[in-house]
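Chain letters run A, B, ... following the sequence lines, proteins first and then strands; every chain starts at 1.
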There are 2 protein chains.
Amino acid sequence: MKLNAQQLERVANLFRAFAEPTRLAIVQELKADEMSVSDIVGCLSTSQANVSKQLKLLHDAGLVSRRKQGTQVLYRIADPMVFELCRIACDKLNRDAVRPAKLKF
Amino acid sequence: MKLNAQQLERVANLFRAFAEPTRLAIVQELKADEMSVSDIVGCLSTSQANVSKQLKLLHDAGLVSRRKQGTQVLYRIADPMVFELCRIACDKLNRDAVRPAKLKF
DNA sequence: TCACCATATAGCCAGATAGTTATCCTTGCA
DNA sequence: TGCAAGGATAACTATCTGGCTATATGGTGA
């Protein structure tokens, strides 16, 4: 069974969400815990505006969920497939590495 | 264990290879069999130059391998993780779909 | 009501890249 | 040797988007 153009586009959009280091960094921070936007900003070296923007993109892709708590918004990974994809990607990079230095998400 | 900036970049690059419909279409054609460039071109609606370009990108990412046979170059999927990633992505899209229409790569 | 904090959004710019056309390189064969 | 076919590459363009600054929105406490 082959996917048509529209379905391929949807798959591509999903992967595109993972195709940027900043978004991966956000995902990595969220791996352990739910976090507020400002907490995430504190962990990364980019602006609050950019973190919000990338979180929106991740949310639109269905990869993170949010809930409000007072003035804060707490984000978390919405789907375990996120971890699965990251693990598979790291496994491949570890396999391909000439000098192994075990990546683990 | 957290990935550093360079490692995140490498993971992002890997996902980026999957983040374009044309490349996914190529991967999809290669799912069953090894194929020549012109065979692939015949299945898709884009130019030979573009197929070569995208194949090079997939090859650089370690996702496809090539071997020459006469004047032809035959490409195949180099790593089963390709299928695994595609399956996980399709599974998610199927789960998220309001009206299920089972995607399967 | 006001000041303040957390988050989201708007508008802009620079860099990246998918796709095109044209051209080059390589191989096999007459 | 020459030519034709299969692939790769170059150069260019249009589009997309990550990141920035500035601003808007919304909740909280005094």
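Among the protein residues, Gln48(B) comes within range of the nucleic acid bases, having at least one heavy atom under 4.0 Å from a base atom. If you check every strand for non-hydrogen atoms under 4.0 Å, Lys56(B) touches sugar and phosphate atoms only. Residue-level contact check: Ile40(B) touches neither bases nor backbone, having no heavy atom under 4.0 Å from any strand. Counting non-hydrogen atoms under 4.0 angstrom, Thr46(A) reaches the backbone sugars and phosphates but no base. As judged by a 4.0 angstrom heavy-atom cut-off over every strand, Ser52(B) is placed among the base-contacting residues. Across all strands, Lys68(A) comes closer than 4.0 Å to no nucleic acid atom at all (heavy-atom distances).
At least one side-chain heavy atom of Leu57(A) sits under 4.5 Å from a side-chain heavy atom of Arg23(A). Proximity of Gln54(A) to Glu20(A): side-chain heavy atoms (C-beta onward) are nowhere separated by under 4.5 Å. Side-chain contact check for Asp96(B) versus Arg10(A): every heavy-atom pair is 4.5 Å or farther apart. Side-chain contact between Val82(A) and Leu58(A): absent, with no pair of heavy atoms (C-beta onward) separated by less than 4.5 Å. Put simply, the side chain of Lys2(B) reaches to within 4.5 Å of the side chain of Glu29(A), judged on heavy atoms.
The interatomic distance linking Met35(B) (CE) with dG7(D) (P) rounds to 11 Å, in whole Å. If you measure from atom CG of Leu74(B) to atom C1' of dT27(C), you get 14 Å, rounded to the nearest angstrom. One can place CG of Asp60(B) at 12 Å from P of dA8(D), the figure rounded to the nearest angstrom. Rounded to whole Å, atom P of dA16(C) lies 10 Å from atom CD of Glu9(B). Rounded to whole Å, the distance from NZ on Lys53(A) to P on dC12(C) is 13 Å. Distance, Leu8(B) CG to dG18(D) P: 15 Å, rounded to whole Å. Atom pair Gln69(A):CD and dT7(C):P shows a separation of 11 Å (rounding to whole Å applied). His59(A) has its NE2 atom 13 Å from the C1' atom of dA8(C), to the nearest Å.
For the OP1/OP2 pair of dC5(C) and a distance below 4.0 Å, the side-chain nitrogens and oxygens of Gln72(A) include no atom meeting the criterion. Applying the 4.0 Å criterion to OP1 and OP2 of dG7(D), one finds that Thr71(B) has every side-chain N and O outside that range. In terms of phosphate contacts, Tyr75(A) brings no side-chain nitrogen or oxygen within less than 4.0 Å of OP1 or OP2 of dA6(C). Between dA8(C) and Arg66(A), a contact under 4.0 Å exists linking OP1 or OP2 to a side-chain N or O. Residue Ser38(B) places at least one side-chain N or O closer than 4.0 Å to OP1 or OP2 of dG7(D). Residue Arg23(A) places at least one side-chain N or O closer than 4.0 Å to OP1 or OP2 of dG18(D).
Helix-axis bend for the helix from dT1(C)-dA30(D) to dA30(C)-dT1(D): the local axis fitted to the five terminal pairs at one end deviates from that at the other end by 10°, rounded to 10°.
Counted by atom type alone, Arg16(A) and Asn13(A) present one or more donor-acceptor pairs between their side chains at under 3.5 Å. At a cut-off of 3.5 Å, with distance as the only test, no side-chain donor of Asn50(B) or Ser47(B) sits close to an acceptor on the other residue.
We find that Arg95(A) and Asp91(A) are not joined by a salt bridge, their nearest charged nitrogen and carboxylate oxygen being 4.0 Å or further apart.
Both Arg16(A) and Asn50(B) lie near DNA chain D, and the one whose nearest nucleotide falls closer to the 5' end is Asn50(B).
Minimum atom distance to the side chain of Ala49(B) is reached by dA10(D), of the listed dA10(C), dA10(D), dG7(D).
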